[in-house]
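Accompanying notes for the structure given below.
All values derive from a computational prediction rather than experimental measurement. One-based numbering along the sequence shown.
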Amino acid sequence: MANSSQDGNYYPVQIARSDGKGYPNLDHNPIDPNEVKDVEQLERWEVIIAHHLQFQLAPKDEKRQFKLGGFPRGYELRCAHRGGGQRDYYLYGHPAGPKSNYRTPGDFVLHLLWLASSSTDYAQCSCDLCVKMVEAHRQRAPQAQVPLPTALPAAGGQLAGQAAPPAPTPAPGSTPANRPLAGPAPPAPTANAPTGFPGMIGPSNVFRVGELVWYKQQAWRLGLVLAIRLKPGQPAKADNSYDYVLAPLGHAILAQPNVTKDATDMRPFLTFSVPDTAIPELQEKSFDSLDWQDIAARYSNYPGDQNKRLMKLQVLGLEASKIAARSINDSLSTFNRLGEVITADQLYKVQTFTGVYLGAEMIRLHDPIRVTAPAVNNSQNAGDAPKPTTAVMLVSEIQLLTPTWSVNDASSAAAATSLQFRGNIYRTVRALVPHPPNFVNPLSLGPAFEHEIAGRNQIERDKKFAWGWMLIESNAVRAEADVQGRFYVTHLLMSIMDPARLQGAVETGVIEEAQAYLNNRSHGSWGGRSIGLRPNRAASVGNAVATRFVAPQGLVEDQAPGPSTMEQHQAFA
């Protein structure tokens, strides 16, 4: 997308794909490189556009400043002279025609984000010119089958040589402002999931019902997995053999329709960071503390035409999804209770469960989870791994501790309640075959552990070495804060996230630590403002989606699901 050479105080960024038409004989005047005002305005457009791209696509901790290293091919900024030496600037080149133009940098950014995506459908672009062009085509299509211009295949887009982490971008046409805001019916539960794994394809697979995920819709958006359905004629095994029904994250009042995605268009929630909201009145606020009905009413009555109001509501949905994701990430709810005891000192009630929704993810007994590592024991550092691999706990017990003494209020009770996990902790180790360390038989640890080692040894080219699991801490206990997230089988995760990189690993025989591409759960939190225990997953999700979340069959939550969507809505004009 761009090279990394620095231009003054800015790094150039360039979108490689273009649909610009380069029309001859355009209105207004070309930019004059010898005119100071023209040069200043050109740079202003380039800096503002790059700032928007950086906010949407760059990592949260990116400190460099960018500017657009030139408009996409076929687009041209031109100047209109007004009385008194005043000048107006317009960007031409959109396929809607030579009279169509963008009047502000912000108007063009929406189209540029679409160009940076893999979409070739103009109906998926939310810029004003594309919305009008698509609508005009639809109106005249019955009389004359005039095709829309063909968009070039995506060439990809990144900031200054980096892979582009996502921030969600509103999906065009997803929230008609004049339709009733009744939530859609829940989808059917997971189809053809193996017995004993409610809401899951299998213990090694990447996605589970009730989890937060990123999904591709122009750029990346946030959604909740409502159901997993086997594709006709596909084997009931691989993640990409299934379709995933997702509820877009935002707010129920916006009535965003569900979408169906393939695994290749999805990523685990912890793959990327959630950016801060760009709307000042929403900053530093929790999801439940905001009056969304009042906010949505103001946005739906925004001055301008219907398309502008739709766009404002889509932006509101985008910002709401960021706040909702962090709130869900800071909550937890348990399911399938096994038993209950009182500690010897009579201070705590200890309940055990077969599973928990911990933030964005579903964690079950016998799952591998990423945890903080114990102190390094040099005697256990055998092998040839260049650096320590991920510490992985095989969960043998999920415990919820609640105080037996009385507390004054609900917040104090929540603060005194704690979640913890018990189990042995392992690392993967690469060692010489004749003298391996004390490897643990992966068959005794479960399918995910077995698949991880099988994948590593298949990729390993130097057959003098082999990979295995080494026990590094027995009967360990980790509190909620020490759990970084689910452990994903390396080759299964990489086959979805980056098949080319996985193929490179196969060709070189060098196994990458796929978990290095994941954040820890605490990275997306509100910084200590934990929401804590909720009665069920529907309560954790709350009004963040327009479809009521229904727990998969066989997954029994402690309390009957409450409403996760607004029962009463008002339609906005």
Would you check if [X] and [Y] make a side-chain contact, meaning some heavy-atom pair closer than 4.5 Å?
X: Phe335; Y: Pro552; value: no
X: Leu230; Y: Ser241; value: yes
X: Pro203; Y: His451; value: no
X: Asn258; Y: Val545; value: no
X: Ile398; Y: Leu365; value: yes
X: Leu518; Y: Tyr488; value: yes
X: Arg430; Y: Ile511; value: no
X: Val395; Y: Arg364; value: no

Would you indicate whether Gln458, at its atom CD, is surrounded by more than 12 heavy atoms from other residues, nucleotides or ligands within a distance under 6.0 Å?
no
Between Glu452 and Arg456, is the closest basic N to carboxylate O distance under 4.0 Å?
yes
Between Glu480 and Arg521, is the closest basic N to carboxylate O distance under 4.0 Å?
yes
Val371/Phe421 under side-chain contact (heavy atoms from CB on, under 4.5 Å): CA gap, chis, key distance, verdict
CA-CA 10 Å; Val371 296; Phe421 297 82; over 6 Å; no
Is a side-chain donor or acceptor of [X] paired with a backbone partner of [Y] at a separation under 3.5 angstrom?
X: Glu211; Y: Met362; value: yes
X: Arg478; Y: Ala373; value: no
X: Arg537; Y: Gly210; value: yes
X: Trp469; Y: Phe449; value: yes
X: Arg427; Y: Met470; value: no
X: Arg370; Y: Thr390; value: no
X: Tyr244; Y: Asp239; value: yes
X: Lys231; Y: Asn240; value: yes
X: Asn336; Y: Gly554; value: yes
X: Asp265; Y: Asp262; value: no

Euclidean distance, [Y] [atom2] relative to [X] [atom1], rounded to 0.5 Å:
X: Glu361; Y: Arg486; atom1: CD; atom2: CZ; answer: 6.0 Å
X: Arg208; Y: Leu555; atom1: CZ; atom2: CG; answer: 11.0 Å
X: Cys130; Y: His111; atom1: SG; atom2: NE2; answer: 4.5 Å
X: Thr428; Y: Trp467; atom1: OG1; atom2: CH2; answer: 5.0 Å
X: Met393; Y: Tyr426; atom1: CE; atom2: OH; answer: 10.5 Å
X: Ile496; Y: His491; atom1: CD1; atom2: NE2; answer: 11.0 Å

Assess the residue pair Leu222 and Phe269 against the criterion (side-chain contact (heavy atoms from CB on, under 4.5 Å)); give the C-alpha distance rounded to whole Å, side-chain angles, the decisive distance to 0.1 Å, and a yes or no.
CA-CA 8 Å; Leu222 287 159; Phe269 173 76; 3.7 Å; yes
Determine the minimum heavy-atom distance between [X] and [Y], stating which atoms define it.
X: Val483; Y: Ile363; result: CG1-CD1, 4.4 Å
X: Ser204; Y: Leu492; result: O-CD1, 3.3 Å
X: Ser273; Y: Trp214; result: O-CZ2, 3.7 Å
X: Gly69; Y: Gln14; result: O-OE1, 2.8 Å
X: Glu557; Y: Ala551; result: OE1-CB, 3.6 Å
X: Ile48; Y: Pro105; result: CG2-CB, 3.6 Å

After noting the C-alpha distance and the side-chain angles of Thr372 and Gln484, does the key distance pass the side-chain contact (heavy atoms from CB on, under 4.5 Å) rule?
CA-CA 7 Å; Thr372 55; Gln484 299 169 348; 4.1 Å; yes
Quick one about Asn205 and Tyr242 (side-chain donor to acceptor, distance below 3.5 Å, no hydrogens or angles considered), yes or no?
no
Go through the steps for Asn520 and Leu270 under the test side-chain contact (heavy atoms from CB on, under 4.5 Å), then give the verdict.
CA-CA 7 Å; Asn520 298 336; Leu270 294 179; over 6 Å; no
Please say which of Leu212, Thr547, Leu224 ends up in a side chain to side chain contact (heavy atoms under 4.5 Å, CB included) with Val541.
Leu224
Should the ring pair Phe272 and Trp220 be called parallel, tilted or perpendicular, given that the plane angle runs from 0 to 90° and is split at 30 and 60?
tilted
Would you call the rings of Phe549 and Tyr357 parallel, tilted or perpendicular, where under 30° means parallel and over 60° means perpendicular?
perpendicular
